[in-house]
Amino acid sequence: MSERKDFLRTIVADDLKAGKYDEVVTRFPPEPNGFPHIGHAKSIAINFGIARDYDGHCNLRMDDTNPTTEDTKYVEALKEAVEWLGFDWGDTVYFTSDYFPKIYDYAIQLIKMGKAYVDSLDEEEIREYRGTVTQAGKRSKYAERSVEENLDLFERMKKGEFKEGEHVLRAKIDMAAANMKMRDPLMYRIRHAHHFRTGNEWAVYPMYDFAHCLSDYIEGVSHSICTLEFENNRDVYNWVLDTLELEPPRPYQHEFARLGINYTVMSKRKLLELVQSGVVDGWDDPRLPTIAGYKRKGYTPESILTFCEQIGIAKANSMVDVSQLEFCIRDDLNTKVPRVMCVINPLKVTITNYEGSEALDASYYPDDVPKEGSRKLPFSKEIYIDREDFTEAPSKGYFRLTPEQPVRLKHAYIIECQEVIKDADGKITEIKAHYHATSKSGADTSGIKVKSAIQWVDAATAKEVEVRLYDRLFSCEAPEGVEDINPDSLKVIKSALIEPAVITDKPDERFQFEREGYFYADPVDYSDEKPVFNKIVGLKDSWGKKSKARKVTPKPQAKKVQVDGEVAPMSEAEQALFEKYQNELGLNSEVANTLARDEQLSSFYEAALSIHSTPVTLANMVSNEVARELKEKSASALKFTAEQVAELVKMIDDSTISNKIAKQVFEEMVKSGDNPAKIVEAKGLVQISDPSKIAPIIDDIIEKNPDNVAKFKAGNTKLLGFFVGQVLKATGGKANPQVVNALVAEKLQ
RNA sequence: UGGGGUAUCGCCAAGCGGUAAGGCACCAGUUUUUGGUACUGGCAUUCGGGGGUUCGAAUCCCUCUACCCCAUCCA
């Protein structure tokens, strides 16, 4: 586990430390209604990863509460994805549908508690009654039904006596709640549908809000981790578990930001659209961000997992750059896979001064990859190179073959262009070349310097293969739909030429085609007769970038103008108070404003002021520190009193304590409600202002940090704060910061 | 417009009152029989804006702004 924990792991570690749970139990709870994508991989990595890191367990649970959209083929895909990523869910895959009887019983219990009722409004009425975000809703008249009636109705709903939509079961919470999710959420609806696991046993199915929290509880989940869009549902989650008064411990929900990657889409709906419309070739199309797609393209599970680790976990909506993912797979494959030669766009080269044939030794790995292995490379008079590797009109910095510039054939000889043969249209059809017999790779005595070594294949022995060149599916960063499809997302090269060992020896299933990229033997369409390779990812190409000389006009980066909104006007009373604070008490306008606008704050301030009057210091304390506490709690819930705050301010005024210590004391007051004098006394927090006591400490710090002293003297004045901080730390915060500051500045002169 | 969230480099992301981590991308240079890899160096005087508190603020307070989520009998 890395040093720096993400916020979820911090929560888990804290809970464990506090003894809230004996064991951490997480769960990965997908709905089996679509193929998992890399966003699921992030969730899998988080849930299984946390369980692994804290010696806990992660359940794989199919959240199958909607019989109309779910299917067993998706549960297979989900299981496969988790397994492929290398995680173990133990003996059983859990299903929410297994808990239907229990969940039903909980519903009965809620009805008996008077906390749930059968509503018989129709769909449209329910929507109307719910109100809007700014308007409270109103309760259905059916909410008045007796417990007996509700029980009877619900039982009959279960038995299938009613049509779909005739009744629903709702929690009785609050139709005026500011959180729309709390306006009597639906818990059960009638569905006369065949469920892929429970068949026709049930006529009612629980809703997410009811089933999910209970499933978590039933499984003994400790941390229920989900994505941001469920933040509002957390209130319902807590309400259900709390009102049912379940035996503790119970799970708590925590949310993180879902993964977004540019140049792709991640929503199940859009993915389904792409598959069904035939824009792509199934759920495992290598252009899709599905796990199946990445797998088929040739990504390794390790690279996906590394990616998930690299992007981190946070709560800010974000869009990760694809290049981050591409880096992960390149980085993984670089040290793993053999290098071979494949010519994607062949151009015939005849070496006119070479006769016969030979087999050259060629290592599968470059020197910097510590792996063993090699193959024989047939070589003869006729070979193929890539068209890109020859030009008659080289641009500046072109390293490859030209009429004037020789080039090395990787693992073989240096050749020189003699003649360029063209067809009637002027298209180059063949190069006649000479080779240097003394330039053989590994035994070069020719002394010829070349600028690069290119890939090639022997014409007589090369195998024809199909190469599928995949590029990003969309041409814009934040695609909306099919209109943004990249027309060149797939280029099929039917007859690329590859060296024979790749086909006959099969040293691996993933390869680096030298100077091209990483490729994967397609697991579906590959056969020895017709080999097919998928491009996983290209190599980094700093030449291609340079030569294309994309003159991307630097966008005129108009600096964002910040518009300042209107500040709400003060009421008359607030205005009067504001003026009094400013004019009579001498507070600055900001502090006066803060105090005047908040009734709780101003009355707290006045109460303290009547006890001890240094208006300014006190106002600062109240408008900053007290304000923070009053945000969460009401004045009556505070442990400390106005009197105590006045006392604290007095100690600042008479220099008994520094401002810094005052904050520390205040924190203690918040927690314990003790008198400030008592806290100062108990902890010995009286400030040290005597320079003769502080000086030696400073000397010590200076001596221990020669590097920083040098940096400071070199002009890094920010380091003053560092030294002051160190001294303060050494004195437990008691040194008078002003004195320290002056002294440090003096000593570092 | 009510409620719930979020803002730190081009993209992710640490940071929790005392020197603005790290990765990707990018730019230079070294090595290289892959224009790959590896290595070295450069990339935020500043943390959405404006105020305030403090010796000291990305971190505390006030205020404004922008973006995301919520009015499915989906999850």
Side-chain angles (χ1 to χ4, degrees), chain A residues 4 29-31 33 63 65-66 69 123 126-127 130-135 137 164-165 168 177-181 183 186 188-191 207-208 212 228-235 255 257 262 310-312 314-321 323-324 327 330 334-335 339 366-369 397 399 408 410-411 441-442 444 450-455 512 514-516 539-544 546 560 562-567 588-591 593-594 597 620-621 623-625 627-628 658-660 663 708 711 716 718-726 728-729 736-742:
Chain A
R4 217 103 55 177
E31 185 193 8
N33 69 344
D63 206 1
T65 57
N66 186 357
T69 56
E123 212 174 323
I126 286 181
R127 205 178 359 257
R130 191 149 33 216
T132 68
V133 286
T134 47
Q135 284 169 295
E164 286 189 14
V168 290
N179 179 355
M180 298 286 295
K181 298 277 181 196
R183 321 249 257 228
L186 275 63
Y188 268 94
R189 78 289 216 185
I190 298 169
R191 276 295 105 96
M207 305 287 291
Y208 168 85
H212 203 93
L228 248 30
E229 66 269 26
F230 291 99
E231 272 170 328
N232 294 320
N233 299 258
R234 190 175 57 227
D235 283 345
E255 312 87 13
N262 58 9
Q310 283 184 2
I311 56 174
K315 295 191 73 161
N317 288 317
S318 57
M319 181 79 88
V320 178
D321 201 307
S323 66
Q324 186 101 27
F327 168 82
R330 275 194 208 105
N334 176 44
T335 53
R339 272 60 168 176
D367 292 338
D368 51 341
V369 173
F399 290 169
R408 172 173 296 282
K410 177 96 184 172
H411 300 298
S441 187
D444 186 355
V450 290
K451 290 201 171 109
S452 75
I454 62 174
Q455 75 274 24
Q512 185 196 103
E514 295 249 11
R515 303 208 309 134
E516 291 287 354
L539 258 22
K540 266 186 76 171
D541 182 11
S542 47
W543 167 248
K546 224 177 258 177
K560 259 184 248 155
Q562 272 274 355
V563 254
D564 275 353
E566 204 83 349
V567 178
N588 74 39
S589 73
E590 193 67 27
V591 173
N593 184 51
T594 305
R597 279 171 183 277
N620 288 342
M621 179 65 68
S623 73
N624 286 286
E625 313 308 310
R628 176 172 57 247
S658 64
N659 261 299
K660 190 187 178 78
K663 292 197 180 186
N708 282 336
K711 276 192 216 164
N716 190 349
K718 278 186 294 190
L719 255 21
L720 188 65
F722 163 76
F723 287 107
V724 174
Q726 289 294 308
L728 250 37
K729 204 176 191 179
N736 180 330
Q738 272 127 324
V739 175
V740 173
N741 233 299

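Note on naming: letters A, B, ... go to the chains in the order of the sequence lines (proteins, then strands), and numbering restarts at 1 for each one.
When each of B/G36, B/C74, B/A75 is scored by its nearest atom to the side-chain atoms of A/Leu539, the top-ranked nucleotide is B/G36. Closest to the A/Lys540 side chain, of the nucleotides B/G2, B/U34, B/A25, is B/A25. For A/Gln324, whose side chain is taken as the heavy atoms from C-beta onward, the closest listed nucleotide among B/A75, B/G23, B/A13 is B/G23. Minimum atom distance to the side chain of A/Asp63 is reached by B/A75, of the listed B/A57, B/A75, B/G56. Closest to the A/Thr594 side chain, of the nucleotides B/U33, B/C61, B/C55, is B/C61. Which of B/C62, B/G4, B/C55 sits closest to the side chain of A/Leu728 comes down to B/C55. Residue A/Val567 places its side chain closer to B/C64 than to any other of B/C74, B/C64, B/A25. The side chain of A/Thr134 lies closest to B/U1 when the candidates are B/U19, B/G35, B/U1. Closest contact between the side chain of A/Val724 and the listed nucleotides B/C55, B/G3, B/G5 involves B/C55. Closest to the side chain of A/Asn317, out of B/U34, B/C12, B/C68, is B/C68.
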Pairwise N/O distances under 3.5 Å, protein to nucleotides 43-47 of chain B:
from, atom 1, to, atom 2, distance (Å)
B/U46, O4, A/Lys718, NZ, 3.0

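B/U6 atom P lies 5 Å from atom NZ of A/Lys315, rounded to whole Å. Note: CD (A/Glu255) to C1' (B/C68) measures 14 Å, nearest angstrom.
Put simply, the side chain of A/Thr69 reaches to within 4.5 Å of the side chain of A/Glu31, judged on heavy atoms.
Listed by chain and number, the residues in a side chain to side chain contact (heavy atoms under 4.5 Å, CB included) with A/Asp368 are A/Pro366 (sequence neighbours excluded).
Two residues, A/Ser542 and A/Ala257, neighbour RNA chain B, and the one matched to the more 5' nucleotide by heavy-atom proximity is A/Ala257.
Look at the P atom in both B/U19 and B/G10: the space between them is 24 Å, to the nearest Å.
Using a 4.0 Å heavy-atom cutoff across all strands shown, A/Ile454 reaches no nucleic acid atom at all. Contacts of A/Phe230 with the nucleic acid, taken as non-hydrogen atoms under 4.0 Å apart, include base atoms.
Side-chain to base pairing of A/Asp368 with B/G36: one donor and one acceptor N or O lie within less than 3.5 Å of each other.
Base pairing of B/U59: no nucleotide in any strand meets the Watson-Crick or G-U wobble criterion (both distances under 3.5 Å). Remark: B/A28 base-pairs with B/U40; criterion is Watson-Crick or G-U wobble with both hydrogen-bond distances under 3.5 Å. With both pairing distances under 3.5 Å, B/C67 is matched to B/G5 as a Watson-Crick or G-U wobble pair.
In this structure, A/Phe722 does not pack face-to-face on the six-membered ring of B/G18, missing the 5.5 Å centre cutoff or the 30° plane limit. In this structure, A/Tyr208 does not pack face-to-face on the six-membered ring of B/A75, missing the 5.5 Å centre cutoff or the 30° plane limit.
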